[in-house]
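A short worksheet on the structure shown next.
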Amino acid sequence: MRRFCIATDGETDRIPCRLINKRVTSEARVVQDQKSYDVIIVGGGPVGIGLAIDLAVNGVTCIVVERHASIQRIPKGQNLTPRTGEHFRRWGVTEAIRAASPIPRSYGSGGIASYRTFMSDYHYEWFNRAKIVNYYAATNERLPQYETEAVLRARAVECEEITLLTGWSFDTLTQDEGGVTVRISQTSGDEHHTVSARYVVGCDGARSPVRQAAGITQTTDPHDRLMALLVFNSRQLDEKLSVYGDKTIFNAINPDMNGYWQFLGRVDLDCNWFFHAPVPAGTTRENFDFHAFLEKAVGAPIDVTFDYVGFWELRLSLADNYGKGRVFIAGDAAHSHPPYGGYGVNTGFEDARNLSWKLAACLQGWGGEHLLESYTAERHPVFASTRDDFILKSIIEDREFTDAYNPDLDLAGFKEAWGRRAAGDDSMVTQYLPHYAGSPIVCGQSGARSGATGRHGFAARAGHHLSPPSLPDDADLWDQLGKGFTLMNLTGDTALTAAFTAAAERRGIPLKTLDLAAAGLVNMYEAEAILVRPDHFVAWAGAGAEGDAADILDRATGMFGDDQ
Ligand SMILES: Cc1cc2nc3c(=O)[nH]c(=O)nc-3n(C[C@H](O)[C@H](O)[C@H](O)COP(=O)(O)OP(=O)(O)OC[C@H]3O[C@@H](n4cnc5c(N)ncnc54)[C@H](O)[C@@H]3O)c2cc1C
């Protein structure tokens, strides 16, 4: 039987990253032609590899087809939420992620917002994701996306369930009731092969050939902005910004930018930086003075050595559906947007967590007919809200602010408005709380709507992330949650546990039960029992539901209506 290997060649348009390539290719397995997998993942970026690892945790086999052999060394996707930290815990990579971070954890993770330039007299502390860590079982992390990807790839090649095939590109797909067949080609070569699986997931970025091949449409809000991304070294910038102390990100709200961000971030503590901002249409590497552009944003002369200058079109796109038949999309393939608020890869990882257990449930026979539909029902409104309530809102509010206030015309009015802004400008962190309150598979309030806004708290609410507290004996509740569903019995009501256990066994649903009566959590969670999903969202929270256990489990696994 013919076997084909992971490609090992580098690519000329990429900054070499020998360590990363070695870690991936030296451990990678070969793939056997015609072998069938549970899932084919197209795209071995962060979301594709994260999904592969989560599927492996759930006992599902997959092949990841990635067109590039090397990881693109562009320092994007740096700002990771505490919720993403929980994914890293589940995937067993927390320590490796921290070891790969070029900025030590002792260094601050927050930022500075300023007016017009980074060295402005008008500035305030801004965007500190550490503010919400108490509600998560992990901390926020900060490292360039290429380091995250290298860690995830190294983890993936350790998993027996995952076959990682780099240097091969997705071409086309066909699907029927039994599965999906995908044709792939060597990215730099003439060979073609077909691979079959029960499901395909396109984690293949904003252009997503899989989305297009499946006929999934998307809605785009074109902003007609050309964005430049600059990666550079500057010791003088480091010296100048040291006046702010340990800060990693800087956003200068500039009237000339019409609400779009001038955003600067530290890559490491060796004076390497990235910067992105809109540039005039038609700008190229050759016809624009990027050094002067940077100095204008900083508000002072600085030395600059450029490593990379790139461009992208700023637009917001959202797929109208996250799946069609047996084909699904996740990450930037489903939603792409400017990196305002650092939601991109964090949202993509949550897509992966949401989809992974549902695919596992259907493959293992305990998922109901409506379970996979709930992937779109839950994740689509979350990104629509992220787009409208955070990203677009920020552009509009910044535009309105700079239109209304100008220190050169009315200093007192500007100072007063700037002070108000400084006092309340943390909503992108503190009010960002993706939830599925309106999901068809949670037992919540009728009429509730899913979205991305909310206030963090410990009360267990159906469709919301479970905030895990420290237990009195310092035991870690998060570690005790099962890989499948978990019934947290907070009162020790044995009849309730027995009812859920019996109903789960009849349906083949993996359910772990925890007797947490001694922990005294009823007041904090405002519930006597909580059914936690495999992605650690609350499916149901309440009291005295012995008689309803079967219905609750049916709903949580998408088995309702026609299934019953
Ligand atoms: C400047 C900048 C800063 C950012 N900062 C943040 C941040 O702070 N926080 C945050 O959460 N997000 C941030 N983002 C967004 C984040 O980088 C993206 O959301 C993330 O890369 C999406 O991951 P993905 O795996 O979905 O897609 P991608 O990273 O685009 O990966 C897609 C993969 O699919 C592969 N592929 C494509 N076509 C094929 C094919 N035909 N066959 C096989 N493989 C294919 C590609 O090679 C690629 O490896 C930032 C983005 C930018 C540009």
Side-chain angles (χ1 to χ4, degrees), residues 7 11 13-14 40-52 63-72 74-81 83-84 87 109 111 127 129 140-146 148-149 152-153 164-173 182-187 195 200-213 227-231 248-249 251 261 263-267 273-277 308 310-314 317 319 329-352 383 386 391 428 432:
E11 287 142 292
D13 62 335
R14 293 176 167 233
I40 298 168
I41 297 173
V42 177
V47 175
I49 300 289
L51 174 62
I63 178 169
V64 182
V65 180
E66 165 55 45
R67 67 181 166 175
H68 291 305
S70 58
I71 295 170
Q72 195 182 22
I74 303 293
K76 53 184 184 172
Q78 304 231 20
N79 203 327
L80 303 176
T81 60
R83 171 61 179 162
T84 288
H87 305 326
S109 65
F127 208 90
R129 278 188 160 141
N140 52 311
E141 303 288 349
R142 179 165 187 85
L143 70 169
Q145 186 169 303
Y146 52 79
T148 304
E149 288 187 49
L152 293 179
R153 281 199 186 190
L164 177 58
L165 182 68
T166 61
W168 286 75
S169 296
F170 164 87
D171 290 334
T172 56
L173 62 82
V182 161
R183 193 182 105 124
I184 59 174
S185 302
Q186 269 183 320
T187 305
V195 192
V200 167
V201 186
C203 300
D204 47 349
R207 292 204 176 91
S208 185
V210 169
R211 186 187 65 232
Q212 295 178 37
M227 302 289 293
L229 174 65
L230 314 178
V231 184
T248 49
I249 52 175
N251 185 15
W261 291 17
F263 189 87
L264 177 71
R266 276 184 195 281
V267 178
W273 303 86
F274 71 92
F275 172 81
H276 58 77
Y308 173 86
F311 302 96
W312 85 94
E313 295 284 341
L314 187 153
S317 297
I329 50 176
D332 278 17
H335 40 75
S336 57
H337 53 90
Y340 301 175
Y343 297 118
V345 76
N346 292 298
T347 304
F349 284 145
E350 194 68 61
D351 294 343
F383 184 75
T386 304
I391 300 170
M428 277 188 143
Y432 177 66

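Order of listing sets the numbers, starting from 1, for every ligand and every atom in it.
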* To do: Would you kindly say whether Arg129 and Asn79 are connected by a side-chain donor-acceptor distance under 3.5 Å?
  => yes
* Shortest non-hydrogen contact between Val267 and Pro144, atoms and distance -> CG1-CG, 4.0 Å
* Keeping the roles fixed (side chain from Tyr343, backbone from Thr386), state whether a donor-acceptor pair exists under 3.5 Å. => no
* Asked: Do side-chain atoms of Asp204 reach the backbone of Gly43 as a donor and acceptor pair under 3.5 angstrom?
  -> no
* Asked: Against heavy atoms of Gln78, which atoms of ligand 1 measure under 4.0 Å?
  -> 7 (C), 8 (O)
* Asked: Heavy atoms, side chains only, cut-off 4.5 Å: are Ile74 and Leu229 in contact?
  -> yes
* Asked: Does any N/O atom on Val47 come nearer than 3.5 Å to any N/O atom on ligand 1?
  -> yes
* **Structural part of Val65 in contact with ligand 1, heavy atom criterion under 4.0 angstrom** => backbone
* Is His276 close to ligand 1, meaning an N/O of one under 3.5 Å from an N/O of the other? -> no
* Between Asp332 and ligand 1, does any nitrogen or oxygen pair lie at a separation below 3.5 Å? -> yes
* **Any N/O pair Gly331/ligand 1 closer than 3.5 Å** => no
* Describe, in one word, how the ring planes of Phe263 and His276 are oriented to each other, choosing from parallel (under 30°), tilted (30 to 60°) and perpendicular (over 60°). => parallel
* Asked: Does the N or O separation between Gly77 and ligand 1 drop below 3.5 Å for any pair?
  -> yes
* Per-atom contacts of ligand 1 with Ser169, taking only distances under 4.0 Å to non-hydrogen atoms -> 42 (N), 43 (C)
* To do: Take every heavy atom of Trp168, measure it against each atom of ligand 1, and state whether any distance is under 4.0 Å.
  => yes
* To do: Report, in ascending order of atom number, the atoms of ligand 1 lying under 4.0 Å from any heavy atom of Gly43.
  => 33 (C), 34 (O), 35 (C), 44 (N)
* Structure fact -> Within 4.0 Å of some non-hydrogen atom of Gly45, the atoms of ligand 1 are 25 (O), 31 (O), 33 (C), 49 (O)
* Residue Leu229 vicinity, atoms of ligand 1 by number, heavy atom under 4.0 Å -> 1 (C)
* Give the intermediate values and the outcome of side chain to side chain contact (heavy atoms under 4.5 Å, CB included) for residues Ile249 and Gln78. => CA-CA 10 Å; Ile249 52 175; Gln78 304 231 20; over 6 Å; no
* Without swapping roles, check the side chain of Arg211 against the backbone of Ala333 for a donor-acceptor pair under 3.5 Å. => yes
* Asked: Quick one: does Cys203 get within less than 4.0 Å of ligand 1, heavy atoms only?
  -> yes
* Asked: If only atom types and distance count, is the side chain of Gln212 paired as donor or acceptor with the main-chain N or O of Arg207 below 3.5 Å?
  -> yes
* Asked: Counting from 1, what ligand 1 atoms have a heavy atom of Phe170 closer than 4.0 Å?
  -> 40 (C), 41 (N), 42 (N), 43 (C)
* Heavy-atom closest contact (Val201 atom, Ala330 atom, distance) -> CG1-CB, 4.3 Å
* Per atom 16 (C) of ligand 1, closest listed option by heavy atom (Gln145, Lys76, Arg67) -> Gln145
* Between Gly48 and ligand 1, is there a nitrogen or oxygen pair with a distance under 3.5 Å? -> no
* Asked: Got an N/O contact under 3.5 Å between Glu66 and ligand 1?
  -> yes
* Is it the side chain, the backbone, both or neither of Val345 that has a heavy atom closer than 4.0 Å to ligand 1? -> both
* Val64 versus Leu51: any side-chain heavy-atom pair under 4.5 Å? -> no
* Asked: Does the pair Ile184 and Val195 meet the rule for a side chain to side chain contact (heavy atoms under 4.5 Å, CB included), with working shown?
  -> CA-CA 8 Å; Ile184 59 174; Val195 192; 3.9 Å; yes
* Asked: Got a donor-acceptor contact below 3.5 angstrom from the Thr187 side chain to the Gly167 backbone?
  -> yes
* Would you kindly specify which portion of Pro46 sits under 4.0 Å from ligand 1, judged on non-hydrogen atoms: side chain, backbone, both or neither? => both
* Asked: Gly342 to ligand 1: N or O pair under 3.5 Å?
  -> yes
* Looking only at N/O atoms, are Gly344 and ligand 1 under 3.5 Å apart anywhere? -> yes
